[in-house]
Amino acid sequence: MCTPAIRRNSPASERNQAPILAQLQRWLPPTGRMLEIAAGTGQHAVHFAAGLPGWHWQPTDPDADALGSIAAWAVAAPATNLLPPPLQLDVLATPWPVESTGVPMAAPWDAIFCANMLHIAPWACCAALMQGAARVLSPGGQLITYGPYLVEGEPTSAGNLAFDADLRQRNPAWGIRWLHDVVAEARQAGLDLQHRVAMPANNLLLVFGRAAPPA
Ligand SMILES: C[S@@+](CC[C@H](N)C(=O)[O-])C[C@H]1O[C@@H](n2cnc3c(N)ncnc32)[C@H](O)[C@@H]1O
């Protein structure tokens, strides 16, 4: 349980929320239940819940201060489809709390959204995200990730190279991930990359779905 606290502000979230929402509206069906992983400040949660009125949106994060900020944003911008309270969820801790039965936030989820976590968490979080998504998504569910990636055979922007160096200097376990490594972890979990969308500021939005069973 967290108490509404300081509303944190991320200028990057403010900049990217409109283009991300446009993609969510493009790829998601009109209604469903969304589990947001690594919700951070909570700005995305309130913006996307408002822009996707047919979706129930459940923000999560492992960090207590982030949970406080998400709750504070939810108080400032109340939306009936923003599910309270924000949940404490660390992708590395299995089972995820949403895997309990008989709780309002129990799986299955129609979609999972995770922005800007993979590069700012140890690499093991990628496999944990993919495996967890495969466990809690509905059969036709989608995992949507957003953030910077390195792409083999494609030049990396100077901004992303500098960002990657800065991340690794702050924590050697962090760093911008190779897209093919992320896709390989998804495949291991039974998820396929279905759509890849170039986003402003050299970011990508990726849509994963369950791999078709072999014919
Ligand atoms: C850069 S912030 C991104 C916040 C928000 N999604 C956004 O795009 O503005 C990274 C977030 O990842 C979360 N995070 C780090 N390790 C995690 C883990 N093991 N499981 C889930 N979230 C994690 C942090 O608590 C933090 O809120």
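All ligand and atom numbering here is 1-based and tracks the order in the structure. In this chain, residues are counted from 1 in sequence order. Predicted model, so just to flag it, every value in this text is computed and none were measured.
Summary of contacts: the protein heavy atom closest to atom 17 (C) of ligand 1 is Pro62 CG, 3.8 Å. Looking only at protein heavy atoms, the nearest one to atom 26 (C) of ligand 1 is Asp61 OD2, 3.6 Å. The single protein non-hydrogen atom nearest to atom 16 (N) of ligand 1 is Ala121 CB, 3.9 Å, given as residue, atom name and distance. Here the heavy atom of the protein found nearest to atom 9 (O) of ligand 1 is Ser13 OG, 2.9 Å. Nearest non-hydrogen protein atom to atom 20 (N) of ligand 1 is Val91 N, 3.0 Å.
Annotation for Gln58 and Pro86: closest pair NE2-CA, 3.8 Å, computed over non-hydrogen atoms.
Checked against a 6.0 Å centroid threshold, the rings of Tyr149 and His119 do not count as neighbours.
By heavy-atom distance, the residue among Asp63, Asp90, Ile70 lying nearest atom 18 (C) of ligand 1 is Asp90. Between Asn116, Thr145, Leu118, it is Asn116 that holds the heavy atom closest to atom 10 (C) of ligand 1.
Using modelled atom types, one finds a donor on one side chain and an acceptor on the other under 3.5 Å when comparing Asn9 with Gln43.
Both Ile20 and Ile144 are members of a single hydrophobic cluster when ILVMFWY side chains are connected at heavy-atom separations under 4.5 Å.
Within a 6.0 Å radius of CZ in Arg168, other residues, nucleotides and ligands contribute more than 12 heavy atoms.
Close N/O approach between Ala115 and ligand 1 is found [any backbone or side-chain N/O within under 3.5 Å]. The shortest N or O to N or O distance between Thr41 and ligand 1 is not below 3.5 Å. At a 3.5 angstrom cut-off on N or O pairs, Ala38 counts as close to ligand 1.
For Cys125, every heavy-atom contact with ligand 1 shorter than 4.0 Å involves the side chain, none the backbone. At a 4.0 Å heavy-atom cut-off, ligand 1 touches Ala39 through the backbone alone. By the criterion of a heavy-atom distance under 4.0 Å, the side chain of His44, and not its backbone, is placed next to ligand 1. With a heavy-atom cut-off of 4.0 Å, Leu89 touches ligand 1 through its backbone alone.
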- Message: Quick one, Asp164 with Arg177, criterion salt bridge (Lys or Arg N to Asp or Glu O under 4.0 Å). Give me CA distance, side-chain angles, the key distance, then yes/no.
- Response: CA-CA 9 Å; Asp164 182 53; Arg177 307 306 177 187; over 6 Å; no

- Message: For Trp57 and Phe48: C-alpha separation, side-chain torsions, deciding distance, then whether ring-ring contact (aromatic ring centres under 6.0 Å, His included) applies.
- Response: CA-CA 8 Å; Trp57 194 280; Phe48 299 155; 5.6 Å; yes

- Task: Determine, step by step, whether Glu14 and Thr41 satisfy the side chain to side chain contact (heavy atoms under 4.5 Å, CB included) criterion, reporting the C-alpha distance in whole Å, the side-chain angles of both residues, the deciding distance to 0.1 Å, and the verdict.
- Result: CA-CA 11 Å; Glu14 234 162 71; Thr41 63; over 6 Å; no

- Please lay out, stage by stage, how Asp192 and Arg210 fare under the test salt bridge (Lys or Arg N to Asp or Glu O under 4.0 Å). CA-CA 6 Å; Asp192 272 350; Arg210 288 192 191 280; over 6 Å; no

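Proximity to Ile120 (heavy-atom distance under 4.0 Å) selects the following atoms of ligand 1: 1 (C), 10 (C).
Ring orientation note: the planes of Trp27 and His195 are close to parallel, at an angle under 30° on the 30°/60° scale.
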